[in-house]
Amino acid sequence: MSVIEYIILSIALAIPTMVVMRACALKNRIRLTKGMAFSFLIALEHALLLVLGIFLGNMLRFDLPEFDNLIYLGFMVAVALRMFFPAFRKKSNKHTYYDISRLSTTLLLGVATGTNTLFVGLGLGFRVLLERDLWRSAIPMLVVMFLLCYLSIMMGRQKKTMNERKWQLIAVLFLLIFAIKGTFFGD
């Protein structure tokens with residue numbers, strides 16, 4: 001898989017985290033330098049979860065392309081559905097807020113928002129080898145996640161509005177296109 005595909009995948013996985021981080025920054029105002037450090041921490045967690053998922057997927061793969069591609073598609077569709085249904089929840093002004101000014105909360109928030117990344121990594125592990133795609137997958141995830149998390153903290157601090165439903169649907173679309181391309185059109 002190419003670096004461009006990993007960048008698109010990283011954008012799709014970073015958008016739900018961006019929505020959560022913006023909501024937290026709306027409630028708990030933090031300094032931008034602290035926000036930058038916490039954004040990097042969350043991005044690092046996501047990159048490590050992606051690599052861990054690919055590693056576990058490599059251990060579980062069958063080395064039969066027909067089955068491996070279907071398992072990959074199953075993981076990607078499951079994550080897309082997990083991202084799709086919250087987009088159509090009844091719109092309310094109540095968000096779940098976390099105090100992102102505390103390090104422990106930010107660490108746990110990074111793990112909680114990284115479950116989709118772990119599942120996508122598991123699916124990718126059935127298609128790609130970790131030795132070949134380690135840096136091609138981890139670096140775009142780290143950079144894109146850092147930039148979008150930091151952007152969301154800045155948006156939250158400035159109380160900028162965000163059409164969350166539209167952003168989440170774009171993420172689902174990116175993920176589904178990525179899944180179909182990877183399953184049916186190969187490398």
Side-chain angles (χ1 to χ4, degrees), residues 1 4-30 35 38-50 52-54 72-100 105-124 137-138 140-183:
M1 297 176 65
I4 299 297
E5 291 172 323
Y6 281 118
I7 291 172
I8 292 171
L9 179 66
S10 299
I11 291 170
L13 291 172
I15 288 174
T17 306
M18 182 179 165
V19 170
V20 171
M21 292 295 289
R22 184 191 149 274
C24 292
L26 274 172
K27 184 72 171 170
N28 301 309
R29 191 169 169 90
I30 64 172
F38 287 165
S39 296
F40 181 76
L41 184 65
I42 287 177
L44 184 64
E45 285 178 305
H46 277 259
L48 291 174
L49 285 170
L50 181 68
L52 175 66
I54 293 173
Y72 162 77
L73 180 64
F75 274 113
M76 297 299 269
V77 168
V79 171
L81 288 175
R82 277 191 77 195
M83 291 167 51
F84 180 74
F85 288 125
F88 285 104
R89 266 193 313 228
K90 186 175 181 180
K91 192 168 186 171
S92 67
N93 292 335
K94 291 187 175 185
H95 282 284
T96 305
Y97 299 107
Y98 304 100
D99 185 10
I100 58 172
T105 305
T106 305
L107 282 171
L108 292 174
L109 184 62
V111 172
T113 58
T115 55
N116 288 344
T117 306
L118 180 66
F119 290 147
V120 166
L122 274 168
L124 281 173
S137 63
M141 177 61 73
L142 182 72
V143 172
V144 169
M145 186 67 70
F146 169 71
L147 292 175
L148 289 183
C149 281
Y150 192 56
L151 174 68
S152 65
I153 288 174
M154 288 190 292
M155 288 173 63
R157 281 178 44 95
Q158 297 296 320
K159 302 200 180 340
K160 298 290 183 183
T161 59
M162 176 181 179
N163 190 344
E164 296 171 4
R165 183 176 289 169
K166 186 184 298 184
W167 279 93
Q168 288 177 333
L169 290 177
I170 289 171
V172 169
L173 181 67
F174 278 0
L175 200 60
L176 288 176
I177 289 171
F178 190 79
I180 291 170
K181 186 262 176 205
T183 303

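In this chain, numbering begins with 1 at the start of the sequence shown.
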Subject >> From CA spacing to verdict: side-chain contact (heavy atoms from CB on, under 4.5 Å), Val120, Leu124 >> reply: CA-CA 6 Å; Val120 166; Leu124 281 173; 4.2 Å; yes
**OP:** Measure the CG-CD1 distance between Leu118 and Ile54 for me, rounded to the nearest 0.5 Å.
**Re:** 10.5 Å
Original post:
After noting the C-alpha distance and the side-chain angles of Val111 and Leu107, does the key distance pass the side-chain contact (heavy atoms from CB on, under 4.5 Å) rule?
Top reply: CA-CA 7 Å; Val111 172; Leu107 282 171; over 6 Å; no
Original post:
Between Met21 and Leu109, does a side-chain contact (heavy atoms from CB on, under 4.5 Å) hold up when you go through it step by step?
Top reply: CA-CA 9 Å; Met21 292 295 289; Leu109 184 62; 3.7 Å; yes
Original post:
When rounded to the nearest 0.5 angstrom, what distance separates CG in Leu52 from CG in Leu122?
Top reply: 7.5 Å
**OP:** Please step through side-chain contact (heavy atoms from CB on, under 4.5 Å) for the pair Leu50 and His46, ending with a clear verdict.
**Re:** CA-CA 6 Å; Leu50 181 68; His46 277 259; over 6 Å; no
Original post:
Does any N or O in the side chain of Arg22 come within less than 3.5 Å of the main-chain N or O of Gly156, such that one atom is a donor and the other an acceptor?
Top reply: no
Subject >> Close side-chain approach of Leu44 and Phe146, heavy atoms under 4.5 Å >> reply: no
Original post:
What are the two closest heavy atoms between Ser152 and Ala25, and how far apart are they?
Top reply: O-CB, 4.3 Å
Subject >> Residue pair Cys24 / Ile100: nearest heavy atoms and the distance that separates them >> reply: CB-CG2, 3.6 Å
**OP:** Would you name the heavy atoms of Met18 and Leu148 that are closest together and state the gap between them?
**Re:** CG-O, 3.7 Å
Could you give the side-chain donor-acceptor pairs of residues 4-17 under 3.5 Å, partners two or more places apart or in another chain?
residue, atom, partner, partner atom, Å
Glu5, OE1, Ser2, N, 2.9
Glu5, OE2, Lys181, NZ, 2.5
Tyr6, OH, Asp133, OD2, 2.7
Ser10, OG, Tyr6, O, 2.7
Ser10, OG, Met141, N, 3.3

Original post:
Roughly how far, to the nearest 0.5 Å, is the CE atom of Met154 from the CD atom of Gln158?
Top reply: 9.0 Å
Original post:
Roughly how far, to the nearest 0.5 Å, is the CG atom of Leu175 from the CD1 atom of Ile170?
Top reply: 13.5 Å
**OP:** Determine the minimum heavy-atom distance between Tyr98 and Asn28, stating which atoms define it.
**Re:** O-ND2, 2.8 Å
Original post:
Which pair of non-hydrogen atoms, one from Ile30 and one from Gly35, has the smallest distance, and what is that distance?
Top reply: CD1-CA, 3.5 Å
Let me have the donor-acceptor pairs involving side chains of residues 72-86, under 3.5 Å, with sequence neighbours excluded, atom names and distances please.
residue, atom, partner, partner atom, Å
Tyr72, OH, Phe178, O, 3.3
Arg82, NH1, Thr115, OG1, 3.2
Arg82, NH1, Asn116, OD1, 3.0

Original post:
To the nearest 0.5 Å, how far apart are CE in Met145 and CD in Glu45?
Top reply: 10.5 Å
Original post:
Minimum heavy-atom separation for Leu49 to Gly110, with atom names?
Top reply: CD1-O, 4.4 Å
